[in-house]
Number of protein chains: 2
Amino acid sequence: MNRREEIVDVAERLLERAGPEAVTMRRLADELGIQAPSLYKHVAGKPEIEAALQERALQRLAAALEAAPDLPSLAAAYRAWALRHPRLYEIATRLPLARERLAPGVEAAAAAPLLRVTGGDLTAARALWGLAHGLVDLELAGRFPPGADLDAVWAHAMGKRVAPGAGAGATG
Amino acid sequence: MNRREEIVDVAERLLERAGPEAVTMRRLADELGIQAPSLYKHVAGKPEIEAALQERALQRLAAALEAAPDLPSLAAAYRAWALRHPRLYEIATRLPLARERLAPGVEAAAAAPLLRVTGGDLTAARALWGLAHGLVDLELAGRFPPGADLDAVWAHAMGKRVAPGAGAGATG
DNA sequence: ACCGTCTAGCTAACAGTGTTAGCCAAGCGA
DNA sequence: TCGCTTGGCTAACACTGTTAGCTAGACGGT
């Protein structure tokens with residue numbers, strides 16, 4: 001339908017299949033059978049495409065966390081989604097949030113599952129987010145030594161809590 | 001002395017003063033009064049420069065953490081250094097570790113302060129790193145809402161621990 | 001049926017990126 | 001003095017995002 005959405009679709013496929021450096025204006029145009037400058041008839045520039053991808057990634061992440069009933073399963077879901085969609089996770093998380101371009105409610109929707117698990121405690125939810133994000137980010141960057149038992153790290157981190165009154169639980 | 005080190009020096013200054021997108025081969029050459037291709041007489045390519053910067057950043061971070069006696073002051077030192085040197089922190093942490101190019105001991109030196117604070121517990125140290133890194137990374141990316149009380153988040157996170165038997169402590 | 005306008009494509013071009021090839025002057029050891 | 005190595009140089013290539021300007025076709029109004 002919308003050519004703009006078509007462009008973002010292609011960008012998302014390209015990002016997941018070939019990595020961020022493959023998401024190039026000319027490559028996008030190729031994939032659509034047009035020339036690169038024609039993209040600018042539908043999109044202001046590459047940053048706008050990236051912002052659209054970021055919004056999608058946040059929505060996907062939020063959807064993946066929605067079903068988790070408690071802290072351990074939320075942690076597992078968070079990590080699992082990030083590992084399955086590393087490029088999307090990166091773009092969701094590394095890019096400074098373009099809050100103006102972002103459709104309203106997207107940020108809140110992504111935050112909701114964390115807040116639910118901390119019983120509405122905002123500070124605890126932010127700490128939990130930091131913890132989960134940090135572990136995932138370091139794992140994705142290959143920063144833990146090759147043999148590191150990350151399941152144990154997650155279990156330890158979530159078991160020792162961050163959220164008040166949550167129980168311990170193995171993750172993988 | 002070594003022209004190679006001179007190049008990395010300039011790269012570091014440029015990175016901190018003008019941001020990563022300013023660290024360009026031609027800009028580096030300009031700063032040294034030579035032409036860009038001449039850089040390749042001393043350096044294999046840009047990735048090598050980035051690896052050298054990453055190594056430096058790790059050493060600087062390790063030095064900043066060295067003096068911290070306990071968990072709360074370590075957390076404060078970690079956050080303070082990252083906020084004061086956001087570009088260096090990024091390059092230390094975002095780049096996949098080029099372990100071969102890295103001088104031996106650098107990684108261990110950066111990890112040591114965390115391990116000390118967790119009483120040698122490797123799993124706890126990794127969880128702690130994940131927590132600190134996640135909080136810092138999200139803060140640097142501007143991902144917490146404008147009014148968020150991050151001091152409280154740090155206090156909560158570190159107070160509720162991750163390391164066994166550490167006490168609570170305000171951070172800012 | 002014609003006229004005008006808007007849409008969505010096109011080519012050519014620009015400034016910038018990392019990088020390679022090939023030339024050349026200066027220094028230095030045998 | 002010869003020859004080699006060092007560290008510069010210019011020119012060029014393939015790539016990046018982006019702009020200007022042209023044009024074919026569709027659509028609506030008179």
Side-chain angles (χ1 to χ4, degrees), chain A residues 1-57 87-88 90-92 94-98 100-101 141, chain B residues 1-57 87-88 90-92 94-98 100-102:
Chain A
M1 283 240 159
N2 209 350
R3 197 96 230 233
R4 200 196 110 109
E5 287 180 25
E6 218 176 328
I7 292 173
V8 181
D9 283 349
V10 172
E12 183 181 351
R13 281 203 331 256
L14 216 47
L15 174 69
E16 292 233 74
R17 286 202 322 237
E21 76 283 352
V23 182
T24 236
M25 296 305 269
R26 282 173 179 82
R27 190 100 160 68
L28 281 177
D30 263 18
E31 214 83 9
L32 288 163
I34 62 178
Q35 290 310 110
S38 301
L39 292 172
Y40 291 80
K41 290 292 155 83
H42 308 97
V43 146
K46 206 188 179 188
E48 183 181 321
I49 299 178
E50 290 168 342
L53 282 178
Q54 188 186 30
E55 180 173 325
R56 279 197 189 192
R87 329 281 201 179
L88 276 183
E90 271 189 29
I91 216 176
R94 281 237 229 272
L95 244 61
L97 239 203
E100 302 79 21
R101 307 196 194 200
Chain B
M1 284 242 152
N2 208 353
R3 197 95 231 236
R4 201 196 109 108
E5 288 180 26
E6 216 175 329
I7 292 172
V8 181
D9 283 349
V10 172
E12 184 181 350
R13 282 203 330 257
L14 216 47
L15 175 68
E16 292 233 75
R17 286 202 321 237
E21 75 284 352
V23 182
T24 230
M25 297 303 271
R26 284 174 178 82
R27 189 101 161 66
L28 281 177
D30 264 17
E31 214 83 8
L32 288 163
I34 63 179
Q35 290 310 110
S38 300
L39 292 172
Y40 291 80
K41 289 292 156 86
H42 308 98
V43 145
K46 207 188 178 188
E48 184 181 320
I49 299 178
E50 290 168 341
L53 283 178
Q54 188 186 29
E55 181 174 324
R56 279 194 188 195
R87 330 280 202 179
L88 275 184
E90 271 190 28
I91 216 177
R94 281 237 229 272
L95 244 62
L97 238 203
E100 302 80 21
R101 308 195 193 199
L102 208 61

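Just so we're on the same page: letters track the sequence lines, and every chain starts at 1. The basis for the numbers below is simple: all heavy atoms, side chains too, and nothing from hydrogens, waters or symmetry mates.
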Notebook entry, point to check: Which atoms form the tightest heavy-atom contact between A:Arg3 and A:Ile34, and what is the distance?
Noted result: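 Between these two residues, the closest heavy atoms are NH1-CG2, 4.1 Å.
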Item checked: Salt-bridge criterion met for A:Glu16 and A:Arg56 (N-O under 4.0 Å) ->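 No, A:Glu16 and A:Arg56 are not salt-bridged.
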N or O in side chain of [X] less than 4.0 angstrom from [N] OP1/OP2:
{"X": "A:Ser38", "N": "C:dA8", "result": "no"}
{"X": "B:Thr24", "N": "C:dG18", "result": "yes"}
{"X": "B:His42", "N": "D:dT6", "result": "no"}

Next item on the list: Remember a base hit wins even if backbone is also touched, and classify A:Val23 as base, sugar-phosphate or nothing at under 4.0 Å, heavy atoms.
Entry: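 Sugar-phosphate contact only.
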Note to self: Determine whether a donor-acceptor pair (one donor, one acceptor, N or O, separation below 3.5 Å) exists between the side chain of A:Lys41 and the base of C:dG9.
What the structure shows: yes
So if I take every side-chain heavy atom of [X] and compare against [options], which nucleotide ends up nearest?
{"X": "B:Tyr40", "options": "C:dT20, C:dG9, D:dG17", "answer": "C:dT20"}
{"X": "B:Pro37", "options": "C:dG18, D:dA20, D:dC9", "answer": "D:dC9"}
{"X": "A:Met25", "options": "C:dT19, D:dT18, C:dC10", "answer": "D:dT18"}

In this structure, how many angstroms lie between the [atom2] atom of [N] and the [atom1] atom of [X], rounded?
{"X": "A:Glu6", "N": "C:dG9", "atom1": "CD", "atom2": "P", "value": "9 Å"}
{"X": "A:Ile7", "N": "C:dG9", "atom1": "CD1", "atom2": "C1'", "value": "12 Å"}
{"X": "A:Leu32", "N": "C:dC10", "atom1": "CG", "atom2": "P", "value": "10 Å"}
{"X": "A:Asp30", "N": "C:dC10", "atom1": "CG", "atom2": "C1'", "value": "14 Å"}

Checklist line | Given DNA chain C, 5'-ward residue of the pair A:Arg26 and A:Ile34, judged by closest heavy atom | finding: A:Ile34
Notebook entry, point to check: Which residues satisfy the salt bridge (charged side-chain N to carboxylate O under 4.0 Å, His left out) test with B:Asp30, sequence neighbours excluded?
Noted result: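 Salt bridge (charged side-chain N to carboxylate O under 4.0 Å, His left out) check on B:Asp30 returns nothing, list empty.
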